[in-house]
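A short write-up of the structure that comes next.
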Amino acid sequence: MKKLFVLGTLAAMLASGTALADTSDKKIAFSNNYAGNSWRQAMLKSYDAVTKKAVADGEVAASDVFTTADQEVPTQAAQIQNLILQGYDAIVINASSPDALNGAVKQACDAGIVVVSFDGLVTEPCAYRVVVDFFDMGKQQIEQLKALHPEGGNLLEIRGLAGTSIDEEIHRGILAGVEANPQFKIVNSVTGNWDQTTAQKAVATVLPSLPDIVAVVTQGGDGYGTAQAFAAAGKPRPTIIMGNRQDELAWWKEQKEKDGYKTWSASIAPGVSSLAFWVAQQVLDGRTDVPHDMLVPYLAFTQDDFEAALPNIEVGGVASAEYTKEDAIKAIEANIKK
């Protein structure tokens with residue numbers, strides 16, 4: 001009778017997708033294509049904090065991080081192929097391209113390796129994707145500007161890292177927002193690489209030739225640099241969408257205290273890297289019901305709540321959240337119900 005009970009319980013667990021395996025001997029690698037801004041540094045810091053504890057607690061045997069020396073797709077593809085040869089059981093990827101890495105990702109899957117991409121996604125069907133709705137984040141920028149500037153006006157767009165899924169999706173969302181609100185017009189676009197210094201230089205280059213700008217739509221990591229470029233050029237201060245960086249929110253607070261300056265801020269939380277790690281661990285642990293596409297919310301701040309968050313953000317850092325295994329289980333189950 002006891003044997004039948006155990007077998008029945010086991011069958012029920014299998015049917016529900018519940019994890020059954022032991023991952024204490026499993027090795028997870030992180031393939032990262034870029035570390036050159038505050039968001040990526042915060043991402044790596046969150047990943048390191050969470051995964052080192054996971055190793056110390058015996059959840060996994062290793063959680064090694066590999067960042068490419070450049071942003072080129074062939075470099076990251078070669079890195080993934082090396083990780084396959086090194087015998088990792090899972091690879092978490094922040095990808096340099098949504099499709100150009102698919103060959104290497106498929107090789108990993110064919111070798112029995114679990115692949116989880118996040119932030120910069122891959123489209124290879126065998127991989128898992130921890131997805132933020134970047135399209136909505138881009139579109140929401142225009143919705144926020146519509147409330148602040150119902151009459152519309154000229155926009156400057158700051159793009160992110162070329163070729164990544166994030167850059168494309170936010171850009172698509174912004175274009176969709178403008179199409180739905182034709183009172184706004186994008187008069188120029190520059191590449192900021194999600195980095196304040198790069199953005200400041202790029203904006204400074206085009207400012208002399210631009211008409212009056214009512215607002216700047218961004219991708220995160222570029223708001224403060226944009227503000228500095230406008231100030232240095234003696235141009236009227238536009239509404240600049242922010243990306244949850246400490247320097248951006250501190251500047252916003254300073255401007256708000258001066259004359260009531262209003263804007264909006266949004267970004268993916270850098271700690272989503274730790275969520276991707278736990279998703280990989282759960283698949284290795286035998287869960288059969290993990291969706292290949294998991295939608296998680298982005299983090300946004302409004303005129304009313306950004307000041308309360310600011311003291312909790314490290315100087316030079318980004319607003320974030322780190323995830324536990326329990327958070328990952330809840331996220332998986334929430335996506336199953338959708």
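None of these values were measured; they are calculated from a predicted model.
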Check your understanding: Could you give all pairs that pass the disulfide (SG to SG under 2.5 Å) test and reach residues 71-151, with sequence neighbours left out?
Key ->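 For residues 71-151: Cys109-Cys126.
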What about [X] and [Y], same hydrophobic cluster or not, with Ile/Leu/Val/Met/Phe/Trp/Tyr joined at side-chain heavy-atom distances under 4.5 Å?
X	Y	value
Leu83	Val73	yes
Phe135	Trp264	no
Val296	Tyr128	yes

Could [X] and [Y] be called an ion pair, given the rule that one side-chain N must be under 4.0 Å from one carboxylate O?
X	Y	answer
Arg245	Asp247	no
Arg129	Asp293	yes
Lys330	Glu333	no

Validation row: [X], [Y] side chains within 4.5 angstrom (heavy atoms):
X	Y	value
Ile28	Val92	yes
Phe277	Ser63	yes
Trp194	Thr164	yes
Asn32	Met43	yes
Asp167	Gln219	yes

When rounded to the nearest 0.5 angstrom, what is the spacing between [atom1] in [X] and [atom2] in [Y]?
X	Y	atom1	atom2	result
Ser97	Asn102	OG	CG	7.5 Å
Asn188	Asn154	CG	CG	10.5 Å
Asn312	Ser320	CG	OG	12.0 Å
Lys146	Ile142	NZ	CD1	10.5 Å
Ile113	Ile91	CD1	CD1	4.5 Å
Asn82	Ser31	CG	OG	10.0 Å

For Val50 and Trp278, what are the C-alpha separation, side-chain angles and deciding distance, and is it a side-chain contact (heavy atoms from CB on, under 4.5 Å)? CA-CA 9 Å; Val50 170; Trp278 286 119; 3.3 Å; yes
Please tell me whether [X] and [Y] have a donor and an acceptor in their side chains that are separated by less than 3.5 angstrom.
X	Y	result
Thr23	Asp285	no
Gln196	Asp222	no
Glu72	Gln76	no
Asn33	Thr68	no
Thr302	Asp304	no
Asp136	Tyr298	yes

Q. Passes ring pair (Phe, Tyr, Trp, His ring centres under 6.0 Å), Phe30 versus Phe66? Steps please.
A. CA-CA 6 Å; Phe30 178 15; Phe66 302 88; 9.4 Å; no
Quick one: closest heavy-atom pair of [X] and [Y], and the distance?
X	Y	result
Ile332	Val290	CD1-CG2, 3.9 Å
Ser267	Gly243	CB-O, 3.4 Å
Val122	Ala95	CG1-CB, 3.6 Å
Ala49	Glu322	CB-OE2, 4.3 Å
Gly271	Tyr323	O-CD1, 3.2 Å
Gly152	Phe184	CA-CE2, 3.5 Å

When Gln281, Glu59, Gln282 are each screened for side chain to side chain donor-acceptor pair (under 3.5 Å) with Lys325, the one that passes is Glu59
Is it true that, when you exclude [X] itself, more than 12 heavy atoms of the residues, nucleotides or ligands shown sit nearer than 6.0 Å to its [atom1]?
X	atom1	result
Lys106	NZ	no
Lys139	NZ	no
Glu179	CD	no
Lys45	NZ	no

Expected output: side-chain [X] to main-chain [Y] donor-acceptor under 3.5 Å:
X	Y	answer
Ser273	Pro270	yes
His149	Ala215	no
Thr218	Ile241	yes
Asp327	Thr324	yes
Asn335	Ala331	yes
Glu157	Val217	no
Ser165	Leu121	yes
Gln246	Val315	no
Asp195	Thr198	yes
Lys258	Lys253	no

Other than Phe301, which residues form its hydrophobic cluster under the rule that side-chain heavy atoms must be closer than 4.5 Å?
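Joined to Phe301, directly or through intermediates: Leu156, Ile158, Val187, Val190, Val203, Val206, Leu207, Leu210, Ile213, Val216, Tyr224, Phe230, Ile240, Met242, Leu249, Trp251, Trp252, Tyr261, Leu299, Phe306, Leu310, Ile313.
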**Q.** side-chain contact (heavy atoms from CB on, under 4.5 Å) assessment of His171 paired with Arg159
**A.** CA-CA 7 Å; His171 174 63; Arg159 297 287 297 265; 3.4 Å; yes
Should Arg40 and Asp119 be marked as a salt bridge (Lys or Arg N to Asp or Glu O under 4.0 Å) after you check the CA-CA gap, both sets of side-chain angles, and the distance that decides it?
CA-CA 10 Å; Arg40 289 293 179 113; Asp119 190 41; 3.7 Å; yes
Worksheet entry | From CA spacing to verdict: side-chain contact (heavy atoms from CB on, under 4.5 Å), Gln71, Leu161 | CA-CA 9 Å; Gln71 302 164 21; Leu161 199 63; 3.0 Å; yes
* Where do Asp25 and Asp89 land on the side-chain contact (heavy atoms from CB on, under 4.5 Å) test, with the steps shown first? -> CA-CA 9 Å; Asp25 63 342; Asp89 300 286; over 6 Å; no
